A.B. asks: 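The following block contains the structure, expressed as structure tokens.
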Amino acid sequence: MSDDPQQTPRAKDGRAPDVFHEGGWIPMREYRETDEVDFVLVGTGAGGGTLACRLAEAGFSVVALDAGPYWRPLEDFASDEVEQNKLYWTDERICDGENPLQLGSNNSGKSVGGSTVHFAMVSLRFRPEWFKARSLLGYGADWPLDWREMWHYYREVEQALKIAGPVTYPWGPKRPRYPYRPHEVNAAGLVLAKGAEALGIDWVPTPLATLSAPRGNSPPCVYRGFCTIGCSTNAKQSALITWIPRAIRAGAEIRDLAMVGRVETDRDGGRVTGVRYQREGRWRFQRARNVVVAGYAIETPRLLLNSATDRWPDGLANSSGLVGKNLMVQANQAVWGTMDEEIRWYKGPPSLALTEHWNYEDDGKDFFGGYAIMSQGPLPALWASTQAIDRDLWGEALIQEMQKYNHQVGLKIVGEMLPQERNRVTLADETDQYGLPIARVTYSWCDNDHRLIDHALRSMTQAMQAVGARELWEQRNDTCHLNGTARMGDDPRSSVVDADCRSWDIPNLWICDGSVFPTVGGVNPSLTIQAIACRTGDRIKALAARGEL
Amino acid sequence: MPEGRLDRYPGYDVLRKRDTPSWNDVTRRVIDARLAISDRPRFLSETDWATLQAICERVVPQPPDRPAIPVAALVDDKLCRDDGDGYRNAKLPRLREAWQRGLRAIDAEARVAHGTGFVALDGDAQDALLRAAKQGDLRHPAWEGMPSDVFFDARLLRDIVHAYYSHPTAWSEIGFGGPASPRGYVRMDFDRRDRWEAVEAKGGDEAEVRRRNQRVG
Ligand SMILES: Cc1cc2nc3c(=O)[nH]c(=O)nc-3n(C[C@H](O)[C@H](O)[C@H](O)COP(=O)(O)OP(=O)(O)OC[C@H]3O[C@@H](n4cnc5c(N)ncnc54)[C@H](O)[C@@H]3O)c2cc1C
Ligand code: SF4
């Protein structure tokens, strides 16, 4: 039998790969498709993987499906940008709008563990006011969540992943020290540190979901720097090696290479009954008492729209008309330059230092929202194509410029973009290899987005000048992360799910991933997604105890 | 070596690390396979292949004094595997179709402007035509509505440059450490290098640097 994890499922026959031991297996409970399990989850990333674990540990029967393969990082992950393309969602999507998005390596994964398998591990909390952005800061929408409760769940996730971070954090309300000590900051990060000090603003070693000391079967990070194409040492605390093994131990079943095409409803459309999915070339049906969609902000609305019925002609959970709308990426602009010193930014995780100054300081801003600035370390192929496209460098000029690779440095933002209904996911006429209509992703920046970007480029240029970087240039056209498209709220008319991630329209249909964000803030989203998943797990347990599931 | 090009890392060859703890088995397999790709088309027609080769020489020119990176073959390999990016600008057709159409359109533009195919143009004329594509100025019916600037950035530049810098020869050229699992790195500060990283020539010290780089591993 083939051991190509992209062709043949690995989680089968009562066992799943032991990600910590080459060729090893762990026992896994299996359910029959005719069993009506308590929960079936679609997607096993930051949202789905975390919730699968929490539900299984609460004693529910859980089956979690993922369209992607079940990797064994120690054996399957090469130090190579081309090969590791296999981690990304590479099924076709169409991008349009005034600022068409670049997805692929840049936005979403297709693996057990989801995008956390290749994410950059930056693990930040929201600024408390962002949860009430509309009433406290005057833009976007309010979340139906209280920051103090989120603070509790952030702590829980930071502990679960043994986040390595600074002893004190200079911004926002007091938080406990991070579980593991901060990582050593590489030269690329020290440039940020010096720049921040020159501007008189704080900086910290980035809180990261990669280990700074051993933990169980995971070794500490070896600073190999290939994090965004998958960590081959298991230092990175991705869902694949944290929540998923815990979920399996607690009795959850994971099905890899299982693409869900439809969430099915009962005859009158009042409840969902399970999911139709393809695995090993055959369409199958898994019965379930509850369905959780956790496919990330493009696949989640695509699945809900593709599940339309006579009763729900606009797709499931869509009586508000908001499914697919308010897609939010984050601004990801950079200022790059060259230093006299050798930097060698390929060493270590890509963002070892950051400043959240402009997330917490509102004075002098002519825009809503904020941004964090992070140090960078792009790998050669990505870096060369960035320079070719954004600087119009090719021919001898490109080859010459690439000779400076070991002296180049850069600062990049993760910046808040505002929700807009015109930024959305819809269905295209084209279909994919399963015969399912593919997603069309429409994106245009608004004036506020442009103002935030201008402000950020100015502050990064100042910082770079202050450290003596030369040959500065601005990269304007980049975005990262995906959120929105099924926002949570207090009102069924203006949101898709409630604070518990339960859809307003169908009580046993839930959405638990980056789609539920009403606003996106100026920090990377995955810690917040995992915190919401932990909270949702607790809420479901509480609702079940009261007989309200 | 083309005039004016420096060799900052004389004698450095990232492949010398192949059998050290910086490479794991899967990396060795993947890179061995890449190095074994022959400089022949498997997907493109002979005509399109010739055009692609000529374009690659303009986009990533190579020195005559070392074995060339088979850039066109790496792009053709991507097409052969139909290894898409997972998204495309709505103005572009799918990966294979975009490349075939783009190559034919560039060749057709050359014939209209110069009465000869792209391959037969001199370097300056080829560059001028590529610059016109980048500006979005090319409108020959062979583009079939595909904007030349979107094709140029999203496919031509991206795929060719990506292919070149996915080859170990290019890694050596820029002093990149290359594959690094499981060994990783230790020295992270300014101006620090581990024993298994390239030594940079600072000018006048090439012979000594070459000797040291031959010991990197
Ligand atoms: C290069 C990169 C770097 C990043 N760095 C950071 C960072 O440093 N910090 C941070 O906080 N965030 C980072 N992110 C973002 C972060 O990874 C995501 O926000 C997060 O993983 C999203 O979680 P999710 O649960 O919504 O979706 P995902 O984690 O993407 O999980 C969704 C899963 O659902 C599966 N799926 C989708 N549809 C179906 C279907 N129909 N049937 C079956 N399965 C399906 C997919 O295969 C996928 O595995 C980064 C992202 C990228 C691309
Ligand atoms: S730098 Fe650390 S986290 Fe990143 S890939 Fe290497 S070992 Fe994993």
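Since the model is a prediction, treat every value here as computed from it, not as a measurement. Numbered from 1 within each chain, the chains take letters A, B, ... in sequence-line order.
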A.B. asks: Are the side chain of B:Lys134 and the backbone N or O of A:Asp392 linked by a donor-acceptor pair below 3.5 Å?
C.D. replies: no
A.B. asks: Answer with side chain, backbone, both or neither: which region of A:Val191 has an atom nearer than 4.5 Å to a non-hydrogen atom of chain B?
C.D. replies: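 When you check distances to chain B, atoms from both the backbone and side chain of A:Val191 fall under 4.5 Å.
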A.B. asks: Contact part of A:Asp76 toward chain B, heavy-atom cut-off under 4.5 Å: side chain, backbone, both or neither?
C.D. replies: backbone
A.B. asks: Tell me whether B:Arg88 is salt-bridged to A:Glu430, with the criterion being a basic N under 4.0 Å from an acidic carboxylate O.
C.D. replies: yes
A.B. asks: Could you tell me which portion of A:Leu101 (side chain, backbone, both or neither) has an atom closer than 4.5 angstrom to a non-hydrogen atom of chain B?
C.D. replies: backbone
A.B. asks: Between A:Pro380 and chain B, with a heavy-atom cut-off of 4.5 Å, which part of the residue counts as in contact: side chain, backbone, both or neither?
C.D. replies: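 Contact with chain B: backbone and side chain both.
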A.B. asks: What part of A:Glu75 lies closer than 4.5 angstrom to a heavy atom of chain B: side chain, backbone, both or neither?
C.D. replies: backbone
A.B. asks: Is the gap between the ring centers of A:Trp345 and B:Phe176 under 6.0 Å?
C.D. replies: no
A.B. asks: Is A:Phe226 close to chain B through its backbone or its side chain, or both, or neither, when contacts mean heavy atoms under 4.5 Å?
C.D. replies: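 It is the side chain, since no backbone atom gets that close.
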A.B. asks: Between A:Asp80 and chain B, with a heavy-atom cut-off of 4.5 Å, which part of the residue counts as in contact: side chain, backbone, both or neither?
C.D. replies: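 The side chain, not the backbone.
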A.B. asks: What part of A:Gln102 is in contact with chain B, defined as an atom under 4.5 angstrom from a non-hydrogen atom: side chain, backbone, both or neither?
C.D. replies: both
A.B. asks: Test B:Met188 against every option in A:Leu190, A:Asn186, A:Val185 by the side-chain contact (heavy atoms from CB on, under 4.5 Å) rule and name the one that passes.
C.D. replies: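 When A:Leu190, A:Asn186, A:Val185 are each tested with B:Met188, the side-chain contact (heavy atoms from CB on, under 4.5 Å) holds only for A:Asn186.
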